[in-house]
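For reference, the structure discussed in these notes is given below.
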Protein chains: 2
Amino acid sequence: MKKQLRRSNCPINFGLEAFGDTWSLLIIRDIVYFGKKTYGDFLRSDERIATNILANRLAQLERHGILVKTPHPIDRRKEVYTLTEKGIDLIPILVEMANWGAKYDPDTGAPQEWIALVNSDKENMIRLIQDTVREGGSVFVGPNSVIDRLAQRE
Amino acid sequence: MKKQLRRSNCPINFGLEAFGDTWSLLIIRDIVYFGKKTYGDFLRSDERIATNILANRLAQLERHGILVKTPHPIDRRKEVYTLTEKGIDLIPILVEMANWGAKYDPDTGAPQEWIALVNSDKENMIRLIQDTVREGGSVFVGPNSVIDRLAQRE
DNA sequence: GTAATAACTTGCAAAATGCAAGCTAAACCG
DNA sequence: CGGTTTAGCTTGCATTTTGCAAGTTATTAC
């Protein structure tokens with residue numbers, strides 16, 4: 001294991017040194033948008049991350065204080081990964097990345113109505129997502145998801 | 001050269017496949033914040049990117065339609081790299097990453113007054129940065145930089 | 001009590017990274 | 001006008017990281 005020399009004190013570089021690779025943000029995405037929480041959940045994502053890479057990235061994200069690992073309350077085989085405040089503060093980045101991808105990928109799987117909704121009131125929507133994730137929910141999946149909450153409001 | 005199989009149609013993954021590494025966004029940062037434009041400019045950045053990696057990333061970003069290379073109008077040894085609209089649309093991501101880094105890096109070099117300014121009126125500030133870059137300017141460096149424009153407004 | 005499941009680890013081939021050096025064309029300098 | 005810089009890459013090679021397949025260990029399910 002290497003990597004501790006800072007390349008610069010640029011804030012963007014700081015982010016890149018913590019999550020600047022092709023896998024880390026997918027793990028965060030899985031938690032935020034789909035309510036995934038365990039090693040097995042992450043493994044089953046569409047992008048098919050390799051087991052060793054996943055273990056490595058989870059450890060790295062934990063070292064950076066972006067997520068924490070806690071034993072599952074009832075199934076002692078499982079570990080539950082959750083975002084710290086530092087991790088929850090990555091949500092604005094995810095939202096902007098999703099925006100960009102949805103705009104420029106002609107074959108995007110992003111629901112355009114969701115993208116439009118977020119952009120119609122970005123600041124509040126981001127806050128809502130953050131609050132939801134902080135309480136253990138996610139954007140699309142599970143009870144108390146962001147989409148459920150929004151439906152409830154009518 | 002490899003890489004053309006899409007891992008998924010997730011919009012976040014789409015972004016990661018285009019610029020998900022430790023170097024690509026630093027090049028975009030150099031253009032947006034510091035008005036850098038040439039291979040030599042990028043090489044001289046604090047993070048000391050290797051020459052072959054830089055050439056590789058510039059080609060990749062060009063292939064993805066994020067930037068374009070044009071011959072320098074007077075010095076024919078130089079090539080000028082500029083952002084396309086697709087590249088300019090990465091600015092919100094950069095801004096959020098800078099925010100995150102400035103918040104969590106105890107040794108950050110980010111000017112806190114700039115960060116505060118952006119966050120005090122994010123939508124308009126992002127638009128101002130985008131307009132400035134579209135016209136060939138940058139946030140901090142050169143005539144007509146964003147900070148100059150803001151100073152002028154008083 | 002046996003079979004699954006969950007979370008990893010290990011070994012190894014293939015690809016990407018990071019130096020240092022080289023190469024070509026255009027500009028600069030006396 | 002000729003030698004020296006400068007600019008933008010490319011190449012070779014050692015090191016590191018990735019990715020795949022196959023374990024390993026501790027629970028839990030049947």
Side-chain angles (χ1 to χ4, degrees), chain A residues 1-8 13 16-27 30-31 34-64 67-82, chain B residues 1-8 13 16-27 30-31 34-64 67-82:
Chain A
M1 279 176 192
K2 282 288 134 58
K3 175 77 74 47
Q4 61 253 39
L5 297 91
R6 302 281 309 277
R7 298 187 299 182
S8 76
N13 179 59
L16 292 173
E17 291 187 354
F19 54 79
D21 66 87
T22 37
W23 295 111
S24 298
L25 286 180
L26 292 181
I27 297 171
D30 280 348
I31 298 175
F34 306 116
K36 300 192 176 185
K37 287 172 163 35
T38 69
Y39 183 91
D41 286 344
F42 303 134
L43 262 191
R44 276 174 233 112
S45 289
D46 286 349
E47 293 85 4
R48 317 309 350 251
I49 187 171
T51 58
N52 55 342
I53 310 285
L54 175 57
N56 176 281
R57 290 307 184 278
L58 287 171
Q60 216 167 279
L61 289 170
E62 215 186 345
R63 270 197 306 110
H64 279 105
L67 41 79
V68 283
K69 174 165 71 166
T70 53
H72 189 282
I74 47 182
D75 189 337
R76 298 199 302 155
R77 292 171 302 178
K78 293 188 181 178
E79 301 280 355
V80 177
Y81 291 92
T82 46
Chain B
M1 280 182 188
K2 280 289 133 58
K3 176 76 72 51
Q4 62 253 37
L5 297 91
R6 302 281 309 277
R7 300 186 298 183
S8 76
N13 180 61
L16 292 172
E17 292 187 353
F19 54 79
D21 65 87
T22 38
W23 294 112
S24 297
L25 286 180
L26 292 182
I27 296 172
D30 280 348
I31 298 175
F34 306 117
K36 300 192 176 185
K37 287 170 164 35
T38 68
Y39 184 90
D41 286 344
F42 303 133
L43 263 191
R44 278 174 231 112
S45 289
D46 285 350
E47 292 85 2
R48 318 302 3 244
I49 188 171
T51 58
N52 55 341
I53 310 285
L54 176 57
N56 177 281
R57 289 308 184 278
L58 286 171
Q60 218 167 279
L61 290 170
E62 215 187 344
R63 269 197 307 110
H64 279 105
L67 42 79
V68 283
K69 174 165 72 166
T70 52
H72 190 281
I74 47 181
D75 188 339
R76 298 199 302 154
R77 293 170 303 178
K78 294 187 179 176
E79 300 281 354
V80 178
Y81 292 90
T82 46

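Protein chains get the first letters and strands the later ones, always in sequence-line order, with residue 1 at the start of each.
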**Q.** Heavy-atom protein contacts under 4.0 Å, nucleotides 4-9 of chain D, coded B base, S sugar-phosphate only, - none
**A.** --BSSB
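Atom NZ of A:K36 is separated from atom C1' of C:dA6 by 16 Å (rounded to the nearest Å). If you measure from atom CD1 of A:I49 to atom P of C:dT9, you get 14 Å, rounded to the nearest angstrom. Distance CD1 (A:I74) to C1' (C:dT5): 15 Å, rounded to an integer number of Å. If you measure from atom CG of B:D21 to atom C1' of C:dG18, you get 14 Å, rounded to the nearest angstrom. Distance CD (A:Q60) to P (C:dC8): 15 Å, rounded to an integer number of Å. The separation between A:N56 atom CG and D:dG19 atom C1' is 12 Å, rounded to whole Å. Between A:E17 atom CD and C:dT17 atom P the separation is 15 Å, expressed in whole Å. In this structure, B:L5 places its CG atom 15 Å from C1' of D:dT18, rounding to the nearest Å.
Taking side-chain N and O atoms only, B:R57 has a distance below 4.0 Å to OP1 or OP2 of C:dT17. An OP1 or OP2 oxygen of C:dG18 is reached within less than 4.0 angstrom by a side-chain nitrogen or oxygen of B:W23.
When atom types are taken as modelled, the side chain of B:N13 and the backbone of B:L16 share no donor-acceptor pair closer than 3.5 angstrom. Here the side chain of A:E79 pairs no donor or acceptor atom with the backbone of A:T38 at under 3.5 angstrom. In this structure, B:Y81 contributes its side chain and B:I31 its backbone to no donor-acceptor pair below 3.5 Å.
For the pair B:N52 and A:A50, nearest-nucleotide mapping onto DNA chain D gives the more 5' position to B:N52.
Of the inter-residue distances, the one linking A:E17 atom CD with A:S8 atom OG reads 6.5 Å to the nearest 0.5 angstrom.
Classification of A:D30 and A:K37 as a salt-bridged pair fails, no side-chain N sitting under 4.0 Å from a carboxylate O.
Applying the salt bridge (Lys or Arg N to Asp or Glu O under 4.0 Å) definition to pairs two or more places apart or across chains, those involving residues 45-55 of chain B are B:R29-B:E47.
Taking the salt bridge (charged side-chain N to carboxylate O under 4.0 Å, His left out) definition, one finds that B:R77 meets it with B:D75, sequence neighbours left out.
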